[in-house]
Every structure is written in C-alpha cells, then in structure tokens.
Number of protein chains: 2
Amino acid sequence: MNIGDVADRSGLPAKTIRYYEEIGLISPDRDDNGYRRFAEQDLHKLAFLARARALGFTIEDCRALLALYEDDTRASADVKRIARDHLQRIEAKIADLRAMQDTLTELVDACAGDARPDCPILRDLGREG
Amino acid sequence: MNIGDVADRSGLPAKTIRYYEEIGLISPDRDDNGYRRFAEQDLHKLAFLARARALGFTIEDCRALLALYEDDTRASADVKRIARDHLQRIEAKIADLRAMQDTLTELVDACAGDARPDCPILRDLGREG
DNA sequence: ATAAGGCCTCCAGTAGCTGGAAGGTCAAGG
DNA sequence: CCTTGACCTTCCAGCTACTGGAGGCCTTAT
C-alpha cells in the first residue's frame, strides 16, 4: 500500500502519517523509488493511533499505549492509569469550559445585540477589581 | 508602574505582558532606561484582556473586543456576535469532550487494572474496522 | 509526448505563550 | 565605593500536533 491507500483506509491525512513516521510512531518500509510501502500491520497501528487520538490522548500517551499494545507481558494497570489520568484531564477541561459557558451564556443573554453601544459583555470584561 | 507591578495587579505573567505588547494589544511608554512604564489605562486594558482570555476568547477575539470597548460608537450587536460565536465553539468543544468522557469512562470501568495483560481499553483501540 | 495525479523532502506557520541566556539598572547594605 | 540581589531588557528556542506550500520525481493513461 502507498500512503494514499492507508490515508483512505485509516482516515488519517497523508501529511499526518508522514508526521507520525517522523516522530517514530510508525516505521514503514520503502520501495526502491523511495515511496513508503505500508504493510497491514502499519495500517493497523495507524488505525489504533487514529482511534486513540480521537479519544483525545496526546501523542505521548499514544506512544505509550502503542508500546503496551505490542507488549504481551503488559499489566492492564499501566493502561488503565494512562486512561484514567487522561479522563481526569478531560473532566477538568469540561469543568473549565462549563464555567466559561455559564458566564458567557449569562452575558450573551443580557446583551441587547442592537445598534446601541451599551453592552453588558464589555461592562463585565472592563469592570474594576 | 513597572512590568512587575502590572503583572502582580493584573494577574498576568510579565512574559505574557511583553508578548501582548509585541502583538500590538498594548503600547506602554518607555522610561529613559528602556523599562516599560505602564499607566493606569494600560493596567485596565491588561485586566480586560486577562478576563477575556479567562473566558476562553482567542487573542484575535480579544483584539476585536478591546477595539469595541474603546469605541464609543460601537453597536452591542458586534460584541454579542463575537461572544455568541465563541459560546458556540465552547459548546461544540464540550460536546466533543463529553463524547470522549463517555467512552473513556466505559473503558476505564471495564478494565481490571491489575497485573494481567488482558485489557478492554487496548482491545477497543485495536479493534478491526 | 504529455498531462494528471501521486509521491517525495524541506521549510514555514499555526496559538499563546514559556523558559532560558546574556546583559543593563537600581536600591540597599557594609 | 563596592557589592549583592532583585529588577528589567532583548533575543532565541521550544511546546502540541499538525497543516500548507514549493519544487521536484514517479507512474499511468491517452
């Protein structure tokens, strides 16, 4: 398979696949013409990466998860710790965003949104203290 | 005021304040010794920026909001549009994160997290199709 | 022969800072 | 007067995870 094929089949852009090779997540073979030649196993790894990234894992998390995935002697505790830490970061992020959402919703609702200059949003942002 | 003072009073790191000057959000005067000299108005702008950033507005949003803030002839509709667009992006982001949270919670709950290699998390990431 | 499309590498840019090096300035203490 | 330490300055590099584009080679079809 050439890069375009694995791009189609993994859902990852070719650019991203080259990037993943550059940072050592995958190591496809090369044809004589210099083209990357992907085996099924490479495609499988890329699909794994695509799913892990879709769940918001960082690249370094993905690297660790991939290593565990390929290690038959892994302890599931190691996997779980990575996932739980990540879940906690996500929950913290959601909490942050919800706080923003609450404030912004209030402000947007309070703003007339017409041609007049009076605006509760700017008043709030510019308040003293 | 020197940069340390406005850093303390605005809650922004000095580094960030220098960065905001570099990208044209503020333009403090300079003393003869080359030190930035901040007026109350600069501090007020920085506080405005700190609050806008805390609400998640992008720097470019902040630039636009600051311009509107200082324009007496603004229409509140312009402010509201920026805020509403931003709110929508936040809501979309929350939805994304909640989807991740749901999946991750399931997976984490399903994983024994012991010394054995069997792991539903990796099984999910590595599933075919 | 040529045109289209796929592949290659390398460079630069994105957002919003943050860290660090190398050096000038200023006020207090001995 | 000198030193020490806390400021301040600029400039450069790096972070995440790609993404876009230039310039050029390879392959396939007409």
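All of these numbers come straight from a predicted model, not from anything done at the bench. Below, chains carry the letters A, B, ... as their sequence lines are ordered, and counting in each starts from 1.
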K.L.:
With a 4.0 Å cutoff (strictly under), does any side-chain N or O of B:Arg53 reach OP1 or OP2 of C:dC17?
P.N.:
yes

K.L.:
Any side chain to side chain donor-acceptor pair (under 3.5 Å) involving residues 89-99 of chain B? Give me the pairs, sequence neighbours left out, ordered by first then second residue.
P.N.:
A:Gln101-B:Glu91, B:Asp61-B:Arg89

K.L.:
Output every pair passing ring-ring contact (aromatic ring centres under 6.0 Å, His included) with a member in residues 6-25 of chain B, not counting sequence neighbours, ordered by first then second residue.
P.N.:
none

K.L.:
Does the distance from a Lys or Arg side-chain N to an Asp or Glu carboxylate O, for A:Arg81 and A:Asp78, drop under 4.0 Å?
P.N.:
yes

K.L.:
Looking at A:Thr58, does any N or O in its side chain come under 4.0 Å of the phosphate oxygens OP1/OP2 on D:dT16?
P.N.:
no

K.L.:
Is it true that atom CD of B:Glu106 has more than 12 heavy atoms of other residues, nucleotides or ligands lying nearer than 6.0 Å?
P.N.:
no

K.L.:
Using a heavy-atom cut-off of 4.0 Å across all strands, would you classify B:Ile23 as base, sugar-phosphate, or nothing?
P.N.:
nothing

K.L.:
OP1 or OP2 of D:dC11 versus the side-chain N and O atoms of B:Arg18: is any pair under 4.0 Å?
P.N.:
no

K.L.:
Looking at every strand, decide which applies to B:Arg37 at a 4.0 Å heavy-atom threshold: base, sugar-phosphate, or nothing.
P.N.:
nothing

K.L.:
Quickly, which of A:Thr16, A:Leu25, A:Ile26 forms a side chain to side chain contact (heavy atoms under 4.5 Å, CB included) with A:Leu46? Name it, please.
P.N.:
A:Ile26

K.L.:
Charged N to carboxylate O under 4.0 angstrom, A:Asp118 versus A:Arg116?
P.N.:
no

K.L.:
Who passes side chain to side chain contact (heavy atoms under 4.5 Å, CB included) against A:Asn33, sequence neighbours left out?
P.N.:
A:Asp31, A:Tyr35

K.L.:
At a heavy-atom distance below 4.0 Å, what parts of residues 82-101 of chain B sit against DNA chain C?
P.N.:
none

K.L.:
With the criterion being N/O to N/O and under 3.5 Å, what pairs connect the protein with nucleotides 27-30 of chain D, and how long is each?
P.N.:
unit_1: D:dT27; atom_1: OP1; unit_2: A:Asn33; atom_2: ND2; d: 3.1

K.L.:
Does a side-chain N or O from B:Arg36 land closer than 4.0 Å to OP1 or OP2 of D:dT10, or not?
P.N.:
yes

K.L.:
Bend angle of the helix from C:dA1-D:dT30 to C:dG30-D:dC1 from five-pair axes at both ends, rounded to 10°?
P.N.:
30°

K.L.:
Rounded to whole angstroms, how far apart are CD on A:Glu60 and C1' on D:dA17?
P.N.:
11 Å

K.L.:
For a quick check of understanding: with a heavy-atom distance under 4.0 Å over all strands, which category does A:Phe57 fall into, base, sugar-phosphate or nothing?
P.N.:
nothing

